[in-house]
Amino acid sequence: MSQTLKDLLDDSFEQHADRTAVRVLRQPDQPGEKRLQYVPLTYLQLKAQRDRLASGLAQLGLEKGQRLGLLTDGGLESVLVFLSCDMLGLSAVPICNKLPDDLLVHSINHSGIAYLFTDAKSLEQVERVRGQLNNPPQIVLTEGQAYGALSFFELTQKGAESPPPDTAIEPDDESKIVYTSGSSGLPKGVIQTHRNLVGNILSVWDTISNRDPVILFKSAPDYHTMGILNIYYPLSKGWTLDLARSPDRVLVDIRYSEPEGFLTVPLILDKVFGNVRKEIDAGGTKGALIARSVRAKQRVARGEASVIDRLVNATLGKKVVGQIKEKLSQRVGSRLELLIVGSAKADPEALDFFQDVLDIVSLEGYGVTECSPLIAANGLNGQKTGTVGQPLQEVKIIAETGEEIAHGDPKTGTYSGSGDGIGELWVHGNHVMTGYLNDPERTAEVLVTDEEGKVWYRTGDLFSMDDEGFLTFQGRFGRQFKLSNGEFVNPERLERIFARVSLIEHVLICGDQTRTFPLPVVTVNAEEAQLQTDIPDLPTDDKEALCSHPAIAERIREQLLKEASASGLPAHERPQKVLVLPDQLSEETGTLTRGLKKVVPGRIEEIYAKEIAAAYDG
């Protein structure tokens, strides 16, 4: 099989020349037409554009091994930069365009990029920090013109004058530098090679869908390692990649795309499933009918249906489930049949609901930037709800004592489970990075060479594994804590359970060995709060006042207790108090990671330390 990204994409260009490779959302050309439309680009056309840009870059004098930065909202230009770099042996450095000035300066200086592709929106920030840059890169504007900047359009025009040079690319050549979110300290630059990325693509080549081609919507940003795989996997397969105009417009643009599949974070599943659960929990005739219809559909899907279940599913259930599907189709279109779920642990009940009730294949996986990113995944060849699937690389689980308690190797198909034990997951294989850029000390902390010469990456995540190799996430190393009464608490487990409360937007579980109970720290879902019409005198027109209203806080506490009871939580894990934060979490405050908007526990605990202490002591 091909071992470089250039080889992989060239094979796809040749095999799928007439297929649609990419669709870009544009304003219509016809007068009077206002609705945005997706405009197709074939593989033949995409290759021609790639070659023109590669030739234009070569004519600038760029040579193999140099790095180019990307600071944009994404789009076709970013895809072309990635593919052109693969041809010339250049390394692409996608940078988050929401970084504060100090982290942007760090990323540019640390990576040593020679050129920086940026859009008009990000150019202003680059100019603002120019004086802090060691060697300011040459700017290439992806749109419009500016003094001192090269034009993307003119670069590709010039490239059309001659073919790109034939550059020898090796599997271990650097392909990308991807910066981690940097929730603590400065972001680290992860070196990803062609071997890393090709290994990822091939490891799930036949495990995601039997359909060919598939229209896959690009929902992850370019500066996230899943966003990179979100480009290369469908284009290598000959599928169609629909591009969002920006990460902030994903929820709008996906309605125009109406894709057959897309990558998503668990929050999307939780919201849809949460709305159904809310109607069921409301009780009455409507709640009972929905509950019976959902139960019948699940039993039919699992081959466990009775005659009554089949009758309900064929009559009332068909109508009820159809209404649920219709509501979902208003958000993502009616063609959705595949969800790839990652970045955080998904609620097993929500996954089962999408798979069994809505007939949407929902595959949960697990990965990290340092493994480009895939480590494990559920797929067509094996799936267990509640797990992140079987390993795609050789793995072992190391207990706190240093003992190896589990091992799995997909090449040989041999797995030895951990039983009741849990430990840190270590990974070996061609997905594992070569190291952090210019940072041998932090590289040595996570890459360990064993007696056989194998290099293992320490994930810092806790897992268990069954005897079939299915891995179950048990929490982040260092986040679990013991209460003063000696009881252990797994905060991620409680967060997954409490996230089902419809009034909650985000939830974080705090606690330590000085406390007698864990404290849920939550933000309010304002839209859901506005629907609590049975609470008198709610200030529904003032979101700030609404979210801080004592009655909303009390209802959240009641719903948390209800979820705790439904999940059978022991007394020491039940919420005795709740802290409702006065502000929403955001990327700007660092309480959410940039791009995928994952909760950053340390930052929240730092900002709201006084409020957390007061909630415990009050």
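All values reported here derive from a predicted model rather than from experimental measurement.
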Could you go through the salt bridge (charged side-chain N to carboxylate O under 4.0 Å, His left out) check for E492 and R476 one step at a time?
CA-CA 8 Å; E492 281 106 341; R476 180 70 182 165; over 6 Å; no

Sub-3.5 Å donor-acceptor pair from the side chain of Q383 to the main-chain atoms of S362, do we have one?
yes

Q513 CD: over 12 foreign heavy atoms closer than 6.0 Å:
no

Using every non-hydrogen atom in the two residues, find where R245 and L25 come nearest and quote the distance to one decimal.
NE-CD2, 3.7 Å

Taking it one step at a time, do Y415 and D466 satisfy side-chain hydrogen bond (donor to acceptor under 3.5 Å, both in side chains)?
CA-CA 8 Å; Y415 303 99; D466 67 21; over 6 Å; no

Are the side chains of C547 and I552 in touch, meaning some heavy atoms are under 4.5 Å apart?
no

May I ask you to check whether over 12 heavy atoms, not counting those of D420, lie within 6.0 Å of atom CG?
no

I'd like to know if R211 and E260 make a salt bridge, using a cut-off of under 4.0 Å between side-chain N and carboxylate O.
yes

Exam field: side chain T180 to backbone P187, donor-acceptor pair closer than 3.5 Å
no

For R335, is the CZ atom crowded, meaning more than 12 foreign heavy atoms sit under 6.0 Å from it?
yes

Electrostatic pair R479-D461, nearest N-O below 4.0 angstrom:
no

Examine distances only and state if a side-chain atom of S567 and a backbone atom of A564 form a donor-acceptor pair shorter than 3.5 Å.
no

Checking T593 side chain against K598 main chain: does a donor-acceptor pair fall under 3.5 Å?
yes

Checking side chain to side chain contact (heavy atoms under 4.5 Å, CB included) for the pair I375/V368: CA distance, chi angles, key distance, verdict?
CA-CA 8 Å; I375 294 175; V368 295; 3.8 Å; yes

May I ask you to test the L336-R331 pair for a side-chain heavy-atom distance under 4.5 Å?
no

Students often mix this up, so state it plainly: with edges at 30° and 60°, are the rings of F517 and Y616 parallel, tilted or perpendicular?
tilted

Kindly indicate whether the side chain of T459, heavy atoms from C-beta on, has any atom under 4.5 Å from the side chain of E370.
no

Run the salt-bridge test on R500 and E495 with the 4.0 Å N-O cut-off and return the result as yes or no.
no

Measure centre to centre between the rings of F273 and F354, then say whether the value is under 6.0 Å.
no

Go through the structure and list residues passing side-chain contact (heavy atoms from CB on, under 4.5 Å) with R557, not counting sequence neighbours.
E554, L561, V578

Check this for me, if you would: do E279 and K286 make a salt bridge, where the nitrogen-to-carboxylate-oxygen distance has to be below 4.0 angstrom?
yes

Kindly indicate, with the supporting measurements, whether the criterion side-chain hydrogen bond (donor to acceptor under 3.5 Å, both in side chains) is fulfilled by S464 and Q474.
CA-CA 7 Å; S464 59; Q474 300 290 354; 3.0 Å; yes

For D222 versus K218, what's the shortest heavy-atom pair and its separation?
OD1-NZ, 2.8 Å

Supply the atom-to-atom distance L519 CG to C510 SG, rounded to the nearest 0.5 angstrom.
6.0 Å

Check: M465 main-chain N/O paired with S418 side-chain donor or acceptor under 3.5 Å:
yes

Compare all side-chain heavy atoms of L351 with those of L269 and state whether any distance is below 4.5 angstrom.
yes

Under a 4.0 Å N-O cut-off, is there an ion pair linking D356 with K297?
no

Would you say L251 has more than 12 foreign heavy atoms packed within less than 6.0 Å of its CG?
no

Could you tell me whether a side-chain N or O of K577 sits under 3.5 Å from a main-chain N or O of L579, the two making a donor and an acceptor?
no

Verdict with reasoning, N381 to T207, per side-chain hydrogen bond (donor to acceptor under 3.5 Å, both in side chains)
CA-CA 6 Å; N381 55 350; T207 65; 5.2 Å; no

Does E587 come within less than 4.0 Å of K98, counting only side-chain N to carboxylate O?
yes

Any heavy-atom pair between the side chains of F481 and P518 that's under 4.5 Å?
yes

Assess whether side chain to side chain contact (heavy atoms under 4.5 Å, CB included) is satisfied between I360 and L328, documenting all intermediate values.
CA-CA 11 Å; I360 297 172; L328 180 62; 3.7 Å; yes

Pairing residues for K325 by the salt bridge (charged side-chain N to carboxylate O under 4.0 Å, His left out) criterion, not counting sequence neighbours
D359

Any side-chain to backbone donor/acceptor pair from E258 onto I254? Under 3.5 Å, distance only.
no

Side chains of I497 and L569 in contact at under 4.5 Å (non-hydrogen atoms)
yes

Pairs satisfying salt bridge (charged side-chain N to carboxylate O under 4.0 Å, His left out), at least one member in residues 223-232, at least two apart:
none

Validation row: V79, L243 side chains within 4.5 angstrom (heavy atoms)
yes

Side-chain contact, heavy-atom cut-off 4.5 Å: I504 with Q559?
no

Does a sphere of radius 6.0 Å around NZ in K327 hold more than 12 heavy atoms from other residues, nucleotides or ligands, not counting ones at 6.0 Å or beyond?
no

Show your reasoning for whether salt bridge (charged side-chain N to carboxylate O under 4.0 Å, His left out) applies to R299 and E304.
CA-CA 5 Å; R299 289 174 177 172; E304 303 169 353; 5.9 Å; no

Residues in ring pair (Phe, Tyr, Trp, His ring centres under 6.0 Å) with F470, at least two apart?
none

N/O donor-acceptor pair under 3.5 Å between N200 side chain and L374 backbone:
yes

Between D309 and R295, is the closest basic N to carboxylate O distance under 4.0 Å?
no

Set of ring pair (Phe, Tyr, Trp, His ring centres under 6.0 Å) partners for F473, sequence neighbours left out
F463

Are the charged groups of R23 and D253 less than 4.0 angstrom apart, N to O?
no

Quick check: closest heavy atoms across N230 and S219, and the distance to 0.1 Å?
OD1-N, 3.3 Å

So H431 and L392, side chain to side chain contact (heavy atoms under 4.5 Å, CB included) or not? Walk me through it.
CA-CA 9 Å; H431 295 194; L392 303 169; 4.2 Å; yes

Hey, can you pull the donor-acceptor pairs under 3.5 Å for the side chains in residues 537-545, sequence neighbours left out?
{"residue": "D542", "atom": "OD1", "partner": "E544", "partner atom": "N", "Å": "3.2"}
{"residue": "D542", "atom": "OD1", "partner": "A545", "partner atom": "N", "Å": "3.2"}

Distance-only, no hydrogens or angles: does the N378 side chain make a donor-acceptor pair with backbone N or O of K384 under 3.5 Å?
yes

Show, in sequence, the C-alpha distance, side-chain angles and deciding distance for N97 and D73, and conclude whether the side chain to side chain contact (heavy atoms under 4.5 Å, CB included) test is met.
CA-CA 7 Å; N97 61 349; D73 262 336; 2.8 Å; yes

Taking E364 for the side chain and A346 for the main chain, is one N or O donor matched with an acceptor at less than 3.5 Å?
yes

Let's go through T72 and S78 carefully: what are the C-alpha distance in whole Å and the side-chain angles of both, what is the deciding distance for side-chain hydrogen bond (donor to acceptor under 3.5 Å, both in side chains) to 0.1 Å, and is it a yes or a no?
CA-CA 8 Å; T72 72; S78 295; 3.0 Å; yes

